[in-house]
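In what follows, a single structure is set out as structure tokens and then discussed.
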Amino acid sequence: MTVITRFAPSPTGFLHIGGARTALFNWLYARRLGGKFHLRIEDTDRARSNQDAVDAIIKGMKWLGLDWDGDIVSQFEGANHHAEVANQLVEQGKAYHCFCSPEELEEMRETARKEGRTALYDGRWRDRDPSEAPKDIRPVVRLKTPVDGDTVVADMIQGDVRVKNSEIDDFVLLRADGTPTYMLAVVVDDHDMGVTHVIRGDDHLTNTFRQIQLYDAFGWDIPAFAHMPLMHGADGKKLSKRHGALGVEAYEEMGFLPEAICNYLLRLGWSHGDDEIISREQALEWFDIKDVGRSAARFDADKLLHLNAHYIREASDRRLVDLAMPLLKDRLGDALSDQAETRLLSGMDGLKGRARTIVELAESGEFYTRNRPIPINDKAAKLLDGEGGKHIASLAPHLEALNEWTDQTIDAAVREYAEKSDLKLGNIAQPLRAALTGSNVSPGIFEVMATLGKEESLGRLSDAISGRASPSAN
RNA sequence: GUCCCCAUCGUCUAGAGGCCUAGGACAUCACCCUUUCAAGGUGAAGACACGGGUUCGAACCCCGUUGGGGACGCCA
């Protein structure tokens with residue numbers, strides 16, 4: 001049997017991080033088993049669906065590297081078909097028209113709650129003759145669900161979950177305007193698409209009881225279900241915007257790499273022994289639903305950051321430069337010169353081990369892309385005051401005298417000077433760093449000088465000595 | 001409220017009756033490395049929610065309690 005999974009987001013917002021996890025698990029499962037993975041947009045609620053959201057979902061999926069098979073299915077486009085099969089159920093006596101007004105329903109729920117029962121529809125039109133129907137109300141179509149017995153979901157993650165059929169009411173299939181509800185549409189679409197494994201959030205577990213009733217009414221095979229525990233915010237509460245239930249594109253903007261997001265999301269609720277850093281290839285080899293945990297997990301930004309730092313270190317210098325350049329352009333207010341780009345690229349190896357996000361990477365590499373005189377931040381300015389500045393002034397000629405300008409020759413020259421002046425290397429290295437990078441933190445200072453080149457390095461040094469460097473920006 | 005689910009360090013988790021004096025990772029702290037900051041290395045601290053069973057033996061099985069989450073729409 002070919003495994004067929006699907007990711008079915010509703011286009012009401014962007015592809016949020018929880019949805020991304022669901023998509024990833026579905027994708028992994030299908031790809032792992034050589035099956036198919038489909039993307040379906042649940043746009044039956046016209047008022048809340050919009051194309052921007054659909055585009056954002058597609059963009060997010062692509063960014064994460066989750067490719068789908070075949071065309072994207074629009075659930076809305078199947079509306080007529082959905083109505084058709086629902087009406088067949090009415091003809092077969094498996095569903096019926098209900099003429100309750102919204103007010104009547106509301107009242108029903110309220111009394112049920114007051115009496116300590118689950119708020120269910122009481123089936124008052126189940127066996128009534130349609131001739132009794134009020135003429136001014138357009139009916140909905142409800143499924144006639146069994147009253148006795150139990151319904152069991154054989155969930156791949158949660159195990160057998162059982163509920164009394166008396167807890168399942170005759171839910172709505174078709175709205176008064178004839179459009180299908182989600183409950184009808186998912187079942188019909190999943191069946192039509194041949195979905196074999198429904199992997200989705202735990203919040204759908206109780207819906208599954210109803211959906212199973214529908215499968216039974218249609219006489220269709222029931223797919224395998226896997227309800228994965230929900231993601232919570234750091235405070236254990238439902239994930240909301242302030243927690244990081246942001247669109248995937250927000251994470252991209254914050255400077256995260258897709259592979260870091262995927263690794264993090266995968267590891268949240270799923271494990272393979274003690275493995276933490278898991279490549280996509282490895283995930284494809286290892287992923288199995290049986291290893292998905294049963295309890296909800298909290299979102300931990302620190303761990304994501306740690307993973308991101310790891311993947312930044314592993315990324316190629318070229319890719320990192322391409323990712324950082326647009327940010328640098330914004331900071332500089334101008335596109336990077338070829339020279340700036342070249343410096344950034346050759347300095348990238350030293351830069352990337354120190355950044356947790358692309359944003360940090362761009363910030364820390366900015367000094368490579370600035371024109372003289374470069375801005376000096378407060379801490380750096382202090383390093384250049386008094387002694388520091390003097391040392392630079394007396395060191396400069398020694399550097400100028402260098403014929404060969406490499407990491408090693410600069411290193412040797414500076415060390416020699418430090419020794420002669422009876423200084424610790426740090427006493428000269430820090431002022432140098434301040435003058436050359438405008439900051440008190442940077443990659444190794446000899447590497448920085450080598451990357452900057454002799455002329456630029458000496459120039460920045462003389463700017464610092466003469467006070468030409470601007471002590472404004474930070 | 002009713003129904004359903006869940007419960008190991010602060011967080012993510014390993015653990016499928018003896019391998020557990022409970023392992024790893026992030027975060028925290030200390031030390032090492034070191035020109036700064038990271039990275040890296042070494043080490044510290046830190047958990048089986050509680051109460052009953054079952055068993056020679058329980059983090060693992062059963063029951064209850066407590067706590068958390070989800071669902072109860074003509075939303076998806």
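Model, not experiment: these values are computed from the prediction.
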- prompt: Where does the angle between the aromatic ring planes of A:Tyr182 and A:His204 fall among parallel (under 30°), tilted (30 to 60°) and perpendicular (over 60°)?
  reply: tilted
- request: May I ask you to say what A:Gly201 touches in the nucleic acid, namely base, sugar-phosphate or nothing, with a heavy-atom cut-off under 4.0 Å?
  value: nothing
field: Short side-chain N/O contact to B:A14 OP1/OP2 from A:Ser271, under 4.0 Å
entry: yes
- request: Return yes if the base of B:U2 and the side-chain atoms of A:Arg117 contain a donor-acceptor N/O pair under 3.5 Å, otherwise no.
  value: no
field: Residues A:Arg210, A:Gln213; criterion side chain to side chain donor-acceptor pair (under 3.5 Å); working and verdict
entry: CA-CA 5 Å; A:Arg210 292 185 160 76; A:Gln213 301 295 2; over 6 Å; no
- prompt: Phosphate oxygens OP1/OP2 of B:C74: is one of them under 4.0 Å from a side-chain N or O of A:Arg109?
  reply: yes
field: Span that lies between the C1' atom of B:U8 and that of B:U55, in whole angstrom
entry: 22 Å
- prompt: Can you tell me if CD on A:Glu419 sees more than 12 non-hydrogen neighbours from other groups inside 6.0 Å?
  reply: no
task: Return no unless some side-chain N or O of A:Thr181 is found under 4.0 Å from OP1 or OP2 of B:A76.
output: no
field: P gap between B:C20 and B:A27, integer Å
entry: 27 Å
query: Using the C1' atom in both, what is the distance from B:A22 to B:U13, to the nearest Å?
result: 13 Å
query: Would the number of heavy atoms belonging to other residues, nucleotides or ligands and lying under 6.0 Å from CG of A:Asp422 be above 12?
result: no
query: Would you say B:C26 has OP1 or OP2 under 4.0 Å from some side-chain N or O of A:Arg267?
result: no
